[in-house]
S.K.: 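Let me give you the structure first, and then I'll get to my questions.
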Protein chains: 2
Amino acid sequence: MAAQAKPRATYSEIAKAAGVSEATVSRVLNGDPRVNPDRVAAVQKVVEELGYKRHRAAAALASGRSNLIAIVIDDDLSVFSDPFWATISSGVSRVLMQNELQTLLLVASVDSVDGPVAHYLQGGEVDGAIFFQLHKETLVKRLAKQGMPVVISGTPHGSSDFVYVDSDNFGGALQATKHLMAQGCKRVATITGDTVATAGNQRLEGFLQAYRERGTVANKNLIAHGDYSFESGKEQMRVLLERDLGVDGLFAANDLMAIGAIAAIEEAGLSVPNDIKVVGFDDSIMAQTSRPSITSVRQDIVRLGETLGELMIRKLAGEEIEPVILPTELVVRESA
Amino acid sequence: MAAQAKPRATYSEIAKAAGVSEATVSRVLNGDPRVNPDRVAAVQKVVEELGYKRHRAAAALASGRSNLIAIVIDDDLSVFSDPFWATISSGVSRVLMQNELQTLLLVASVDSVDGPVAHYLQGGEVDGAIFFQLHKETLVKRLAKQGMPVVISGTPHGSSDFVYVDSDNFGGALQATKHLMAQGCKRVATITGDTVATAGNQRLEGFLQAYRERGTVANKNLIAHGDYSFESGKEQMRVLLERDLGVDGLFAANDLMAIGAIAAIEEAGLSVPNDIKVVGFDDSIMAQTSRPSITSVRQDIVRLGETLGELMIRKLAGEEIEPVILPTELVVRESA
DNA sequence: CGCTGTCGTGAAACCGATTTCATGGGGGTT
DNA sequence: AACCCCCATGAAATCGGTTTCACGACAGCG
């Protein structure tokens with residue numbers, strides 16, 4: 001559109017100024033170890049002076065590597081309901097940038113295995129892909145099979161051998177439930193999130209495990225199924241109260257439902273934490289600001305993003321890598 | 001790393017199959033109007049059959065355009081406190097993708113005008129840049145001067161001639177304050193956000209304007225300065241109450257401070273909305289779930305992102321474009 | 001002392017599209 | 001009928017690095 005201030009230095013200039021061939025310039029800039037140190041120094045000096053910046057498109061074309069990593073986010077509204085992916089993305093981006101990689105943001109419907117996103121990724125435009133909110137595994141499987149490095153945020157279904165990073169949903173839920181029990185709660189209930197997704201399922205499993213470790217089994221009626229929304233928390237709490245089981249503790253699979261549940265509890269004339277103690281999950285800002293403030297399981301979201309980036313880098317380097325489960329931490333506040 | 005399934009079709013194959021030259025293939029694919037319709041059809045047919053996907057790096061190298069637009073986000077923690085940029089980014093990304101552009105996510109410290117980000121952007125790696133949270137205008141100014149299309153989210157300081165998109169902070173605040181007055185509030189106070197940033201300042205101005213339109217001037221003591229945090233809302237509300245001015249209405253510059261203020265009000269033994277009515281800003285999820293639920297000024301964040309993308313596209317097309325102010329909407333709930 | 005193996009180096013091919021430029025044909029003008 | 005101009009088209013140059021390959025020098029070996 002407009003004139004570039006300086007017309008960019010090229011290898012040809014550098015080579016001339018440093019008295020070497022372009023091939024050697026390339027070797028120096030790519031850290032090839034078998035270049036004479038003198039020449040390395042000469043080239044680096046010239047590069048410095050000219051303020052040379054590698055032309056990525058040219059490099060990509062010649063090498064076949066784009067240095068681009070895609071973050072793929074499914075565009076099914078979940079974007080708006082998930083407050084985390086922004087933070088995760090920023091962590092990913094920072095780590096990748098430190099490694100000379102660029103982060104491409106792909107927000108689109110990942111539904112069809114033949115949609116634009118699929119084509120795009122299969123087109124070899126990117127060197128790797130990081131997926132969020134994995135609903136459809138087909139595409140990811142295919143990409144992985146084609147040899148594209150893929151890392152996933154959140155535990156995928158089945159025993160697929162994807163590399164993923166996730167918070168310890170199971171452990172967090174277990175700890176939360178045990179905390180309630182330790183506070184003297186005899187009948188701890190739970191409101192689950194979407195248990196089709198693994199995160200919701202794992203949180204339920206953690207809850208159940210707490211009962212097992214106490215040597216009992218949770219009454220089925222102590223389990224209510226929500227969908228992570230405020231409304232569902234409220235509704236399901238009403239349901240639990242109507243069952244009249246003497247619930248005195250609640251583990252909600254996220255903070256929003258915990259807040260909804262508390263609203264229902266207070267509407268029923270009961271008090272938190274006196275009559276019923278409540279623990280949430282996520283340690284969102286709402287857990288801190290709602291009254292009563294909510295005891296919640298904190299996930300280290302920034303770390304999650306950084307880990308995703310690090311795994312991707314190691315995978316690109318050819319390392320064999322394992323999934324990572326990040327620890328959670330129980331933050332105790334007024335509600336339990 | 002691994003073998004690509006199919007080795008990608010190239011112009012050379014298409015040209016051969018369609019019985020035309022590579023130049024013509026390029027013309028067809030780039031929508032050059034002066035190609036014989038028959039050949040256009042022939043090429044398109046072959047392209048379809050081969051599932052051809054343009055090699056972006058090659059195209060970028062040859063044309064000098066990267067088709068990459070950077071979203072630049074300053075990495076000074078604000079990322080974590082601003083729940084909006086994720087939504088904005090997704091809107092931007094979607095719009096750009098529909099126009100064959102890619103979105104590059106740049107999360108880094110934009111502090112120094114000579115930092116990596118600056119170098120990066122000036123290196124001509126991207127065709128345009130979208131900035132969030134503009135603290136330092138120096139870099140942006142320089143880029144704009146160099147001819148790079150730049151669009152900014154949020155109103156910049158001064159009368160700079162940047163193109164930006166912003167919500168109508170002034171209008172929203174005005175409406176909120178007038179709403180309080182219409183509800184019978186005689187002494188409406190405000191807790192501002194960071195008034196160094198334009199958004200905070202505009203919201204304060206809107207508040208003041210409401211008084212002006214009523215033919216009076218707001219008492220200086222009705223203005224308290226917060227920083228958008230829950231704690232500051234609580235503190236500043238205490239300050240306001242201590243001033244003992246008979247405040248019966250509050251416009252908080254965001255929901256979080258509104259919630260903090262409500263906490264302080266209730267601690268003082270007063271009730272919302274009976275004794276003091278409260279209006280927030282943002283219409284965040286917290287406005288809906290807190291008790292009492294909060295009347296708040298809604299911004300259309302998705303639209304904001306989409307508009308950013310659209311402006312960028314028009315700017316790339318060479319159009320002269322004007323800043324856009326998006327309307328806000330008052331959502332009335334229990335608190336006022 | 002000659003032969004082979006290794007290593008650093010540069011020339012040149014190459015990546016895949018875009019764009020310039022030359023060409024030839026067709027339509028319009030006088 | 002001769003001339004011009006315009007337009008569609010293909011050949012070829014080009015973008016800026018990367019990588020292969022061949023070459024010469026030098027070290028080690030017998």
S.K.: Roughly, in whole Å, what's the span from CG in A:Leu29 to C1' in D:dT19?
M.R.: 15 Å

S.K.: When the ring planes of A:Tyr11 and A:Tyr52 are compared, do they come out parallel, tilted or perpendicular, using 30° and 60° as the limits?
M.R.: tilted

S.K.: Select base, sugar-phosphate, or nothing to describe what B:Ser26 touches, counting heavy atoms under 4.0 Å on all strands.
M.R.: base

S.K.: Counting side-chain heavy atoms from C-beta on, which of C:dG16, D:dT18, C:dT9 comes nearest to B:Thr10?
M.R.: C:dG16

S.K.: Reckon B:Arg54 has a side-chain N or O less than 4.0 Å from the OP1 or OP2 of C:dT18?
M.R.: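 Answer is yes, contact under 4.0 Å.
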
S.K.: Whether the side chain of A:Asp127 engages the backbone of A:Ser66 through a donor-acceptor N/O pair (distance < 3.5 Å, no angle test) should be reported.
M.R.: yes

S.K.: Using atom CD of A:Glu22 as one end and atom P of D:dG16 as the other, report the distance to the nearest whole Å.
M.R.: 11 Å

S.K.: Would A:Glu310 and A:Arg314 pass as an ion pair if we require N to O under 4.0 Å?
M.R.: no

S.K.: If I take atom CG in residue B:Asn67 and atom C1' in nucleotide C:dA17, what distance separates them, rounded to the nearest angstrom?
M.R.: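 These atoms are roughly 12 Å apart.
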
S.K.: For B:Leu50 and C:dG16, what is the distance between atoms CG and P respectively, to the nearest whole Å?
M.R.: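 These atoms are roughly 14 Å apart.
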
S.K.: At less than 4.0 Å, is any side-chain N or O atom of A:Tyr52 found next to OP1 or OP2 of D:dG17? Yes or no.
M.R.: yes

S.K.: What nucleic acid atoms does B:Ala23 come within less than 4.0 Å of, heavy atoms only: base, sugar-phosphate, or nothing?
M.R.: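 Here B:Ala23 touches the bases of the nucleic acid.
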
S.K.: Counting heavy atoms from C-beta on, name the nucleotide in C:dT19, D:dG16, D:dT9 closest to the side chain of B:Ser63.
M.R.: C:dT19

S.K.: So what does A:Val25 hit on the nucleic acid, given a heavy-atom distance under 4.0 Å: a base, only sugar-phosphate, or nothing?
M.R.: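 Touches nothing.
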
S.K.: Under 4.0 Å between any heavy atoms, over every strand shown, what does B:Val20 touch: base, sugar-phosphate, or nothing? Just pick one.
M.R.: sugar-phosphate

S.K.: Can you identify which nucleotide, out of C:dA17, D:dG10, D:dG17, has its nearest atom closest to the B:Ala58 side chain?
M.R.: C:dA17

S.K.: Could a donor-acceptor pair under 3.5 angstrom be found where the side chain of B:Arg27 meets the base of D:dG10?
M.R.: yes

S.K.: For B:Asn36 and for B:Ala62, locate the closest nucleotide of DNA chain D by heavy-atom distance; then report the residue assigned to the nucleotide nearer the 5' terminus.
M.R.: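 So the residue in question is B:Asn36.
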
S.K.: Tell me the interatomic distance from A:His55, atom NE2, to D:dT18, atom P, rounded to whole angstroms.
M.R.: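 So the two atoms are 12 Å apart, to the nearest Å.
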
S.K.: In whole angstrom, what separates A:Asp32's CG from D:dT19's C1'?
M.R.: 11 Å

S.K.: Which atoms form the tightest heavy-atom contact between B:Arg54 and B:Leu29, and what is the distance?
M.R.: NH2-O, 3.8 Å

S.K.: Within a radius of less than 6.0 Å around CD of A:Glu319, do more than 12 heavy atoms belonging to other residues, nucleotides or ligands occur?
M.R.: yes

S.K.: Within the pair B:Arg39 and D:dA8, is there a side-chain N or O less than 4.0 Å away from OP1 or OP2?
M.R.: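 Indeed not, no polar side-chain atom of B:Arg39 lies that close.
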
S.K.: In whole angstroms, how far is the P atom of C:dG10 from the CZ atom of A:Arg34?
M.R.: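 Atom CZ in A:Arg34 sits about 13 Å away from atom P in C:dG10.
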
S.K.: Provide, to the nearest angstrom, the distance between the CG atom belonging to A:Asp38 and the C1' atom belonging to C:dC7.
M.R.: 16 Å

S.K.: Side chains of B:Ser93 and B:Ser90: any donor to acceptor distance under 3.5 Å?
M.R.: no

S.K.: Where the side chain of B:Leu61 is concerned, which of D:dA8, D:dC15, D:dG10 is the nearest nucleotide?
M.R.: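 Side chain of B:Leu61 sits closest to D:dC15.
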
S.K.: Remember a base hit wins even if backbone is also touched, and classify B:Arg65 as base, sugar-phosphate or nothing at under 4.0 Å, heavy atoms.
M.R.: sugar-phosphate

S.K.: Between B:Ser21 and D:dA11, is there a contact of a side-chain N or O with OP1 or OP2 at under 4.0 Å?
M.R.: no

